[in-house]
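So the structure is just underneath, and the comments pick up after that.
Below, chains carry the letters A, B, ... as their sequence lines are ordered, and counting in each starts from 1.
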Number of protein chains: 4
Amino acid sequence: MISSAPQALKPRKRPQQRRASATVDAIFEATIQLLVKDGLSQLTTTRVAERAGVSVGTMYQYFPHKQALIYAVNERYLDRLAERVEATCREWQGNPAGDMVEALIDTYWHTKTEKPDVTRALYRSVVEMDNEALISAFAVRTDAAITAMLASASDNDGSDARSNTRTLVTVIFGAVRNSFERGHSGEVAEDLRRQLVIMCRAYLDRHGR
Amino acid sequence: MISSAPQALKPRKRPQQRRASATVDAIFEATIQLLVKDGLSQLTTTRVAERAGVSVGTMYQYFPHKQALIYAVNERYLDRLAERVEATCREWQGNPAGDMVEALIDTYWHTKTEKPDVTRALYRSVVEMDNEALISAFAVRTDAAITAMLASASDNDGSDARSNTRTLVTVIFGAVRNSFERGHSGEVAEDLRRQLVIMCRAYLDRHGR
Amino acid sequence: MISSAPQALKPRKRPQQRRASATVDAIFEATIQLLVKDGLSQLTTTRVAERAGVSVGTMYQYFPHKQALIYAVNERYLDRLAERVEATCREWQGNPAGDMVEALIDTYWHTKTEKPDVTRALYRSVVEMDNEALISAFAVRTDAAITAMLASASDNDGSDARSNTRTLVTVIFGAVRNSFERGHSGEVAEDLRRQLVIMCRAYLDRHGR
Amino acid sequence: MISSAPQALKPRKRPQQRRASATVDAIFEATIQLLVKDGLSQLTTTRVAERAGVSVGTMYQYFPHKQALIYAVNERYLDRLAERVEATCREWQGNPAGDMVEALIDTYWHTKTEKPDVTRALYRSVVEMDNEALISAFAVRTDAAITAMLASASDNDGSDARSNTRTLVTVIFGAVRNSFERGHSGEVAEDLRRQLVIMCRAYLDRHGR
DNA sequence: GATGAATGAGTGTTCATTCAT
DNA sequence: AATGAATGAACACTCATTCAT
């Protein structure tokens with residue numbers, strides 16, 4: 001769970017979510033829909049409650065303030081994303097490093113591309129929030145999973161694992177976001193994905209592996 | 001000039017800079033300072049005017065609304081960034097492609113890192129704005145410059161220039177942003193920069209160049 | 001009901017009176033008091049709310065904007081005025097036309113004169129508003145009532161009812177307003193009322209009735 | 001001149017107009033055009049100056065504040081209207097009273113109907129202004145002219161001239177305004193005018209004249 | 001617990017008026 | 001005299017949050 005991130009990393013205004021339930025899901029769903037439809041600046045607590053079919057009062061029982069809501073939505077999203085990354089990492093244990101990275105790119109890319117407007121809306125919603133804990137927790141989880149996976153590579157050459165993981169992760173996650181921002185899609189996006197695979201493979205192979 | 005971006009992409013009116021560029025500069029400076037200090041959500045027209053030492057009324061003579069102000073600040077920032085990228089591209093014409101990319105990464109990285117808090121603040125401010133025109137104009141400029149540079153590479157191997165440029169640009173710009181978001185700094189950031197250079201060189205060399 | 005005026009004539013949204021008619025009444029009362037005291041140009045939403053003893057926010061729950069408030073105040077006023085006119089018309093069914101018109105003038109005059117400053121304030125507030133629906137709805141109601149009354153006159157001579165009603169209504173309502181504007185009062189106003197009765201009677205008698 | 005109205009009647013904020021000139025005319029013209037086009041609430045000093053082709057500063061040389069401008073426009077309008085009424089009154093000296101009143105109605109009606117939108121715009125603009133002096137001065141002039149005319153009637157029956165004049169004036173002016181408010185036009189307006197003549201004639205004839 | 005009416009501080013924006021040039 | 005940039009008080013309206021029912 002991302003929420004279990006080190007206390008030190010939790011933001012001052014770290015939001016508390018009371019408990020999970022169908023109501024909370026409805027609220028999450030409503031929030032995402034509204035973020036997609038109108039963007040963060042048009043998102044009001046009243047509108048979220050209305051669309052979720054609950055009263056504002058009730059919403060405030062689950063989320064102590066608006067930030068907490070947006071935080072929680074992103075937390076859940078990143079949780080799921082991290083799970084998928086972890087699953088992929090487990091699945092490819094023991095394979096050649098190049099194949100691992102290709103699988104990683106595929107997983108990340110597909111997850112992000114599945115619902116592009118949700119991805120975009122959440123990328124945007126996370127700004128102006130005390131999001132360091134969020135990002136950090138996600139980074140910790142994925143870094144750990146990827147490092148472990150790479151360490152098990154059948155062609156592991158013993159080069160600096162921390163540095164390699166960090167580089168790959170930063171490049172892959174960064175490139176995907178940038179591609180989104182530039183509005184790539186269709187053939188262009190597909191080519192970029194392929195090139196990214198090629199680039200990462202070339203990086204791993206650099207020592208003549 | 002970024003301002004020459006397709007009119008159709010700019011739903012919001014652009015500021016009509018008359019003259020008094022001193023005043024406009026003061027307003028820009030104030031805006032950036034406040035974005036750095038308190039973030040977009042705390043940025044009010046009154047506060048900007050106050051800090052810039054002008055009245056709100058005056059501010060509204062130069063910027064028809066708050067959005068236009070933020071737009072203009074980002075536009076200027078991206079203009080300057082694009083200029084630096086273009087300068088680097090001109091400078092490295094005719095060199096080996098690997099050196100070009102290293103120079104590009106250096107330039108971009110240094111520009112972004114010079115004033116990290118400004119970079120971070122502007123990354124955040126640009127959200128929730130009608131920023132497609134902005135990003136698109138920046139992309140057009142830098143893509144053109146980089147494509148031209150690569151075409152002049154002494155070891156140009158004739159592989160798909162569009163695709164190569166797009167990949168490099170997306171990876172470099174994306175990685176830098178991601179690095180910022182993860183809060184890398186010091187030795188970690190430096191290593192990442194080096195790795196990025198290695199990765200991009202490896203990408204260019206992939207065909208045994 | 002004036003509210004049943006053609007929807008097409010009401011570009012501005014109408015207040016959705018939910019309940020809490022006490023609150024709405026307080027707001028109406030406050031609005032009228034302020035209109036009387038300081039005039040439309042000094043009427044601010046804050047001041048109305050303050051005097052009504054509610055918060056601005058609450059006011060905006062009942063009236064979507066300032067115009068809607070002023071519209072509603074006038075609507076209520078004209079509703080009541082129309083009711084009185086209708087009552088008089090019912091009451092004088094079957095009497096001689098001259099007596100009818102005298103009764104009509106009395107009713108209208110007295111209603112307007114009861115609270116002269118309110119009358120004046122509302123006359124003024126209605127300007128610069130999308131008031132056609134208001135005026136039209138009032139006209140439709142009163143015209144209908146008066147036409148019906150005149151048709152029942154014991155000495156009905158069969159002359160053009162539409163034209164007669166229109167003339168009488170325009171003259172009476174217009175004269176009263178003009179008298180207000182000129183600031184008539186006391187004996188002068190009283191004489192004018194009498195003369196108006198004489199004139200309307202003479203008009204009805206013109207064919208030697 | 002209406003401006004020569006008794007000092008006591010001049011409003012506290014009685015606006016002062018510096019001097020007449022082509023500039024002033026341009027300002028008047030611009031004001032009226034804007035009032036017709038967008039109404040009082042959209043009338044800003046900047047817009048008036050712009051349309052008049054002068055600077056705001058210059059406008060403030062002629063009119064010490066916005067009210068003064070609107071006051072002056074109405075003053076000029078009423079001056080001209082009063083002149084026409086006076087001219088008619090002079091012209092019909094010595095004729096039968098009924099013909100006088102018909103001529104008066106014709107003059108007033110035509111002047112108001114010539115440019116209906118200007119008439120309407122000015123009716124509206126005069127609200128919320130300290131307009132008592134304006135109306136009073138107009139009343140004094142027209143009352144005097146009409147009283148004098150009626151006194152010279154070939155069939156003068158010696159009945160109370162003050163009362164008669166006041167009644168006729170209030171009825172005629174009031175009916176015209178009311179007709180405007182109701183949006184009468186074409187055949188309806190024409191019939192109303194005829195009926196008004198009939199009514200006023202009947203009033204004058206009431207003693208069997 | 002759930003509701004949603006009430007709150008009121010806070011914000012973007014306008015525009016009459018001034019005054020340095 | 002003429003200009004028009006600068007001023008800043010004022011206002012309509014929003015919306016996160018609370019709390020009586």
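In this structure, C/Ser21 contributes its side chain and C/Val24 its backbone to no donor-acceptor pair below 3.5 Å. C/Asp117 contributes no side-chain N or O that, together with a main-chain N or O of C/Val36, makes up a donor-acceptor pair within less than 3.5 Å. The closest donor-acceptor contact from the side chain of A/Thr31 to the backbone of A/Ile27 lies under 3.5 Å. Side chain of D/Lys37 to backbone of D/Ile32: no donor-acceptor contact under 3.5 angstrom is found.
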5'-to-3' dot-bracket of DNA chain E (Watson-Crick, G-U; under 3.5 angstrom; crossing pairs as [ ]; | other strand): .||||||||||||||||||||
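Partners of B/Arg47 by side-chain contact (heavy atoms from CB on, under 4.5 Å), not counting sequence neighbours, listed by chain and number: B/Leu34, B/Gln42, B/Thr44. With sequence neighbours excluded, the residues satisfying salt bridge (charged side-chain N to carboxylate O under 4.0 Å, His left out) with B/Arg76 are B/Asp25. The side-chain contact (heavy atoms from CB on, under 4.5 Å) test applied to A/Leu122 returns A/Leu35, A/Val73, A/Asn74, A/Tyr77, A/Val118, A/Ser125, not counting sequence neighbours. Remark: D/Ala30 engages D/Val48, D/Arg51, D/Ala52 in a side-chain contact (heavy atoms from CB on, under 4.5 Å) (not counting sequence neighbours).
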Protein-to-nucleotide contact annotation, 5' to 3' order, nucleotides 15-21 of chain E [B base; S sugar-phosphate only; - none; under 4.0 Å, heavy atom]: SBBB---
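Atoms CG (B/Leu69) and P (E/dT13) sit 10 Å apart, rounded to a whole Å.
For the OP1/OP2 pair of F/dG4 and a distance below 4.0 Å, the side-chain nitrogens and oxygens of D/Ser55 include no atom meeting the criterion.
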